[in-house]
Chemist: 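Below is one structure. I have some questions about it.
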4 protein chains.
Amino acid sequence: MASNKYEEIVLAAVKLFDKKGYHATSVQDIADAVGLQKGSLYHYISGKADLLLGVAQRAITEFNLRMERILASKESAQSKMKKALEMHLQLVTHDVQLSTVLLRESVALGENPQQVIQDATDQYLDLWTRLIEEGMAGGEFRPGNARMKALAVLGACNWVYRWYQEDGALTSEMVADIYADLFLDGIANSK
Amino acid sequence: MASNKYEEIVLAAVKLFDKKGYHATSVQDIADAVGLQKGSLYHYISGKADLLLGVAQRAITEFNLRMERILASKESAQSKMKKALEMHLQLVTHDVQLSTVLLRESVALGENPQQVIQDATDQYLDLWTRLIEEGMAGGEFRPGNARMKALAVLGACNWVYRWYQEDGALTSEMVADIYADLFLDGIANSK
Amino acid sequence: MASNKYEEIVLAAVKLFDKKGYHATSVQDIADAVGLQKGSLYHYISGKADLLLGVAQRAITEFNLRMERILASKESAQSKMKKALEMHLQLVTHDVQLSTVLLRESVALGENPQQVIQDATDQYLDLWTRLIEEGMAGGEFRPGNARMKALAVLGACNWVYRWYQEDGALTSEMVADIYADLFLDGIANSK
Amino acid sequence: MASNKYEEIVLAAVKLFDKKGYHATSVQDIADAVGLQKGSLYHYISGKADLLLGVAQRAITEFNLRMERILASKESAQSKMKKALEMHLQLVTHDVQLSTVLLRESVALGENPQQVIQDATDQYLDLWTRLIEEGMAGGEFRPGNARMKALAVLGACNWVYRWYQEDGALTSEMVADIYADLFLDGIANSK
DNA sequence: TATGAATGAGCATTCATTCAT
DNA sequence: GATGAATGAATGCTCATTCAT
């Protein structure tokens, strides 16, 4: 099992990557944050890039896991959609730092490692698409391009890391409520 | 005024920043791309960061300008919303590279320059919020938190740079149509 | 505390600064001189300028320390003057390189660091002025502008770094004897 | 005859070299100061180093010229000594900037050009040595090492550029008086 | 004369990584 | 495990100088 020290390092890295960005964060910074020498860090990590990759992977995996659970449940599509929004926004807002790193810094990884993240992300998009497709198939949702609607929803949700304040007045549930209302019923007053 | 060479440099920079990211792009890379020596670049730019700042500013300014024009027009809120979506998505998809740089790399700027971009971005959000508020006031839109609905719409639209393929089958108009439908009337089959 | 390597670097820097001047000496030169890579130097120094500052400070501090000791002694003003001349010239001639750097390169430091050196130098001038003032007060020295006489003496002594040959026939004692004779009794044959 | 523009350039260079030091002064700085483009400067000068060399040469030549005139005059050695001190100090204080450059920046020249200055300087020292030797031969001055006494006097006088304030209360005549008194009769109260 | 674009070598500094102890 | 010295490549940037126009 991963040692405590490793967890400490990952945590420190996430915090720093969030605040300063991946590139602006030096290995020295991370070492300072955990009270180790730069060289000692390499007993736990194999490199700065791998640290980022690990961080990103750990984040996206959680998203996929939870989404699969929601999809597997026996509820209405509308209900699943609300749950999925709540889940996604909860993860995003619960660890804005982690989300920031995941959503912003993936370019920093070379092409190959980035693909790993991309694949997991694509899988996540698939799950959302399936949710919407099922809703359409069941008549709960209006027909249309499910994939693109999923992209719109995910885009809106991912953007949250840009403005959400962990210590602000808004909880993730409140955001989820508003977003669910918006995405399910639209802005317009259809009367 | 702006010389051809400067434009060439900015273009090359945008392309490179998009592909490799701001940090992974060296001044040397840019110089190579325009066929100049590294040092010669500094006749045109005052530094790598300023290049990014300039690029970002030029992009966000265009968004604000167009949004103001739409807001000033005499049309229904629904119509304005559609126009705004078209405009935004057209800009984003027309120069995905530029958008990528704007939306992804602003952290790379120091705090002060970043603020400049942030301010312009905030102003843009204000314009969208106003559009929605006016729709609510006029009874065209259902009441609610206009600012957060604006954030959702913008998030969805900005995310497009992540998946849009300039040479793909989808035009920005098609995306705008689908997004307008989604945001105005929602996913659900309200029947 | 100070490691051997650091001393080695300082020594090499002094030698190079003396020979080629501060600006004409590159960090590479210093690295070559101590057999390290350029980058490795930064384990020991925090920058080229600080190296110079450190060198200068170390030099001027020694001057002040010794001068204070002489002033504190219970001897005639004439005797103190001779001792001070011997001391100053011994330091200057013993490490002409160090003196050269101190006396020639302080402009190279920015304004603030330069001030540190200037302050220490001013203090040294004060000590000399006091020596002469005490001589005047005691009737040993003819009355006059003590500060300016101190400036003349110091100017003459500092100039020595310009012509003194460490491997020449002249010892610092010989120079001190001649200078003491000159400054105490003058050139003129007062009969 | 040297054009006005050239004089302007030299003047600007001296001023800048004095204030910021030779190395810290860029050709751009000089160009800015005279309102020309960097490239245009090279119609008048052949390089930055030559500019310094010219400046230095022009300065030292004046010293030599005046000293020869004094030596040729028919006066007592004491009187010549006073006149020489007045002359030297007047030149030094009249254009402290020029003196600073001459006395501080000669290292900046490569070895060969520096030699030119060194030769002129050596010649100047010879003239002073001759003055003192003649005083000794005539019995006006106490016997001793004339060259070293000249070095002491010159050192004291040259040092003046380090502390003299062009806009201060002290005139060069006042300094010359005090220095003449000091060098001729010494500090000590010979009773 | 004057310009200003272009050069190309040079510079101080940073940094992820390695490795002997 | 931990250290910290050492690496060496890379980076952004400066600058004196050249030269076609």
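We name chains A, B, ... by the order of the sequence lines, and we start the count at 1 in each one. These numbers come from the heavy atoms of this one structure, side chains and all, not from hydrogens, waters or symmetry mates.
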Chemist: Atom CD of A:Gln37 and atom P of F:dA6: how far apart are they, to the nearest Å?
Modeler: 15 Å
Chemist: Each nucleotide N or O in nucleotides 18-21 of chain F that has a protein N or O under 3.5 Å away: list the pair and distance.
Modeler:
none

Chemist: Go through C:Leu53 and C:Ile117 one step at a time and tell me if the side-chain contact (heavy atoms from CB on, under 4.5 Å) criterion holds.
Modeler: CA-CA 8 Å; C:Leu53 181 60; C:Ile117 301 300; 4.0 Å; yes
Chemist: Under 3.5 Å for both distances, Watson-Crick or G-U wobble, that's the pair rule; now give the dot-bracket for DNA chain E, with | marking pairs to another strand and [ ] for crossing ones.
Modeler: .||||||||||||||||||||
Chemist: Please state how far atom NZ in D:Lys48 lies from atom C1' in E:dG10, giving the value in whole angstrom units.
Modeler: 14 Å
Chemist: Of the listed nucleotides (E:dT7, F:dG12, F:dG4), which one gets closest to any side-chain atom of B:Leu36?
Modeler: E:dT7
Chemist: Might you work through the side chain to side chain donor-acceptor pair (under 3.5 Å) test for D:Asp119 and D:Gln123, ending with a clear yes or no?
Modeler: CA-CA 6 Å; D:Asp119 290 349; D:Gln123 187 197 334; over 6 Å; no
Chemist: Between B:Glu7 and B:Arg58, is there a side-chain N and carboxylate O pair less than 4.0 Å apart?
Modeler: yes
Chemist: In this structure, how many angstroms lie between the P atom of E:dG10 and the NE2 atom of D:His23, rounded?
Modeler: 14 Å
Chemist: Assign each of B:Thr25 and A:Leu41 to its nearest nucleotide of DNA chain F by heavy atoms, then name whichever residue's nucleotide is nearer the 5' end.
Modeler: A:Leu41
Chemist: Rounded to whole Å, please give me the gap between CD1 in B:Ile45 and P in F:dT14.
Modeler: 10 Å
Chemist: Rounded to the nearest angstrom, tell me the gap between atom CG in C:Asp29 and atom P in E:dC11.
Modeler: 7 Å
Chemist: Does D:Tyr22 reach the side chain of D:Leu109, with side-chain heavy atoms less than 4.5 Å apart?
Modeler: no
Chemist: Just how far, in rounded Å, is P of F:dA9 from CD of B:Gln28?
Modeler: 16 Å
Chemist: Assuming nearest nucleotide by heavy-atom distance, tell me which of A:Ala49 and D:Gly35 is located more 5' along DNA chain E.
Modeler: D:Gly35
Chemist: Can you confirm whether C:Leu51 sits close enough to C:Tyr44 that some side-chain heavy atom of one is under 4.5 Å from a side-chain heavy atom of the other?
Modeler: no
Chemist: Considering non-hydrogen atoms only, spot the tightest contact between D:Val101 and D:Asp18 and give its length.
Modeler: CG2-N, 3.7 Å
Chemist: Checking the side chain of A:Ser99 only, and the main-chain atoms of A:Tyr161 only, is there a donor and an acceptor separated by less than 3.5 Å?
Modeler: no
Chemist: Can you check the D:Lys20 NZ to F:dT14 C1' distance for me, whole Å?
Modeler: 13 Å
Chemist: Rounded to whole angstrom units, what separation is found between the CG atom of C:Leu16 and the P atom of E:dA12?
Modeler: 12 Å
Chemist: Checking D:Thr61 against D:Asn64 for the side chain to side chain donor-acceptor pair (under 3.5 Å) test, could you report, in this order, the C-alpha distance in whole Å, the side-chain angles of both residues, the deciding distance, and whether it holds?
Modeler: CA-CA 5 Å; D:Thr61 301; D:Asn64 274 315; over 6 Å; no
Chemist: Below 4.5 Å, heavy atoms only, C-beta onward: do B:Leu36 and B:Tyr42 meet side chain to side chain?
Modeler: no
